[in-house]
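Both backbone and side-chain heavy atoms feed into the values below; hydrogens, waters and symmetry mates do not. Just so it is clear, the structure is predicted and the values come from calculations on it, not from any experiment.
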Amino acid sequence: MNGTNRSYARIDKADREAIQNGLDKRRGCREIARSIGRSPAAVTEVEFPRFR
């Protein structure tokens with residue numbers, strides 16, 4: 001694996017902003033995920049962060 005698989009990469013600032021924009025516009029997690037090329041789980045993790 002060469003590290004180009006975006007679905008397993010960390011969420012960067014631009015993606016976080018895109019997720020927040022989508023949430024502000026009341027879009028669903030799946031729709032937001034599709035628009036930024038991520039899994040719905042990644043969007044949910046940003047929306048509802050776990051305490052670590």
Side-chain angles (χ1 to χ4, degrees):
M1 187 151 99
N2 61 8
T4 59
N5 187 345
R6 200 167 148 78
S7 64
Y8 293 108
R10 290 183 181 234
I11 302 286
D12 60 14
K13 186 176 180 179
D15 285 342
R16 288 181 187 278
E17 290 173 355
I19 291 168
Q20 189 59 53
N21 260 348
L23 293 172
D24 290 345
K25 293 177 181 176
R26 314 215 21 102
R27 294 192 173 133
C29 287
R30 290 180 184 273
E31 183 180 355
I32 296 167
R34 223 180 352 259
S35 73
I36 62 172
R38 297 289 186 148
S39 72
V43 174
T44 303
E45 184 66 25
V46 172
E47 184 180 9
F48 304 107
R50 287 185 253 163
F51 294 100
R52 297 183 182 180

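In this structure, CD1 on I32 lies 7.0 Å from CD1 on I19, to the nearest 0.5 angstrom. R38 CZ to T44 OG1: the interatomic distance, rounded to the nearest 0.5 Å, is 13.5 Å. Here the CZ-CZ distance, from R16 to R10, works out to 9.5 Å after rounding to the nearest 0.5 Å. The CZ atom of R30 sits 10.0 Å away from atom OG of S39, with the distance rounded to the nearest 0.5 Å.
Between D15 and D12, the closest heavy-atom pair is N-OD1, 2.9 Å.
With sequence neighbours left out, the side chain to side chain contact (heavy atoms under 4.5 Å, CB included) criterion links A33 to P40, V43. For the side chain to side chain contact (heavy atoms under 4.5 Å, CB included) test, residues two or more places apart in sequence or in another chain that qualify with E31 are R27, R34. Remark: E17 engages no residue in a side-chain hydrogen bond (donor to acceptor under 3.5 Å, both in side chains) (not counting sequence neighbours).
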